[in-house]
Amino acid sequence: MRIELVSRDRGSPQRRIVLDKLPVVIGRSPNADVHLDDRWASRTHCQIREIDGTLIVKDLASSNGTFVNRNPVSEVALLPGDELAIGITRFEVHY
């Protein structure tokens, strides 16, 4: 399965992040698998993993929450086309 997070931030060049191994931790920490330069993102903000062919995003007790399709989530399945918001950074999920 080829998984990409495609940035949806206005005024910024489009960024494509290929998730070639799972699970991944996304956050502001330089040690995160996917590093975000977003002061509203926690150091270890959320994790994406796969269970039986389904992508799952889990909030890692972030300060400002993880949102899927503008709804706050603690853990939820990610579907193709979903919007994932981490801090003020927004991605569209492709797979």
Side-chain angles (χ1 to χ4, degrees):
M1 175 180 344
R2 180 176 170 84
I3 305 160
E4 288 185 337
L5 300 179
V6 180
S7 66
R8 296 189 61 189
D9 298 322
R10 294 183 184 128
S12 297
Q14 190 177 67
R15 178 178 171 195
R16 289 184 174 272
I17 300 170
V18 176
L19 305 181
D20 52 6
K21 67 172 185 76
L22 295 175
V24 296
V25 172
I26 302 172
R28 203 178 71 239
S29 169
N31 296 326
D33 300 309
V34 176
H35 170 76
L36 297 180
D37 188 20
D38 179 340
R39 68 184 185 124
W40 298 103
S42 294
R43 292 181 194 280
T44 55
H45 197 98
C46 64
Q47 178 190 63
I48 296 177
R49 67 185 191 280
E50 180 208 352
I51 298 176
D52 297 328
T54 301
L55 288 185
I56 306 292
V57 62
K58 179 180 181 178
D59 184 77
L60 299 175
S62 66
S63 297
N64 294 310
T66 300
F67 292 78
V68 173
N69 300 325
R70 301 183 189 258
N71 297 306
V73 299
S74 57
E75 187 170 7
V76 70
L78 283 175
L79 301 174
D82 279 349
E83 180 185 272
L84 173 63
I86 301 162
I88 60 169
T89 305
R90 297 180 312 136
F91 294 102
E92 186 171 319
V93 178
H94 292 237
Y95 67 95

Please confirm whether the backbone N or O of [Y] pairs with a side-chain atom of [X], one donor and one acceptor, at under 3.5 Å?
X   : Y   : result
S42 : S63 : yes
R8  : R90 : no
D59 : C46 : no

Kindly give the heavy-atom pair with the smallest separation between [X] and [Y], and that separation in Å.
X   : Y   : value
P23 : D33 : O-OD2, 4.0 Å
A32 : G27 : CB-N, 3.7 Å
M1  : Y95 : SD-CD1, 3.2 Å
V57 : T66 : CG2-CG2, 4.2 Å
R15 : H35 : NH2-O, 3.2 Å

Give, for atom [atom1] of [X] and atom [atom2] of [Y], the distance between the pair rounded to the nearest 0.5 Å.
X   : Y   : atom1 : atom2 : answer
T44 : L60 : OG1   : CG    : 5.5 Å
L5  : L84 : CG    : CG    : 6.5 Å
D82 : H94 : CG    : NE2   : 10.5 Å
E50 : L55 : CD    : CG    : 6.5 Å
K58 : S74 : NZ    : OG    : 8.5 Å
I48 : I56 : CD1   : CD1   : 10.5 Å

Test item: [X] and [Y] side chains (from C-beta on) under 4.5 Å apart, heavy atoms:
X   : Y   : result
L79 : V93 : no
Q47 : E75 : no
I17 : I26 : no
L36 : F91 : yes

* Hey, mind stepping through R43 and R28 against side chain to side chain contact (heavy atoms under 4.5 Å, CB included) and telling me if it holds? -> CA-CA 4 Å; R43 292 181 194 280; R28 203 178 71 239; 3.5 Å; yes
* Indicate if V25 and V76 have the same hydrophobic cluster label, given that clusters are the connected sets of ILVMFWY residues with side-chain heavy-atom separations under 4.5 angstrom. =>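 No, because V25 and V76 fall into different hydrophobic clusters, even though each may have its own neighbours under 4.5 Å.
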* To do: State plainly whether one hydrophobic cluster holds both W40 and F67, where clusters connect Ile, Leu, Val, Met, Phe, Trp and Tyr through side-chain heavy atoms under 4.5 angstrom apart.
  => no
* Asked: Under 6.0 Å from the CZ atom of R49, do we count more than 12 heavy atoms belonging to anything else shown?
  -> yes
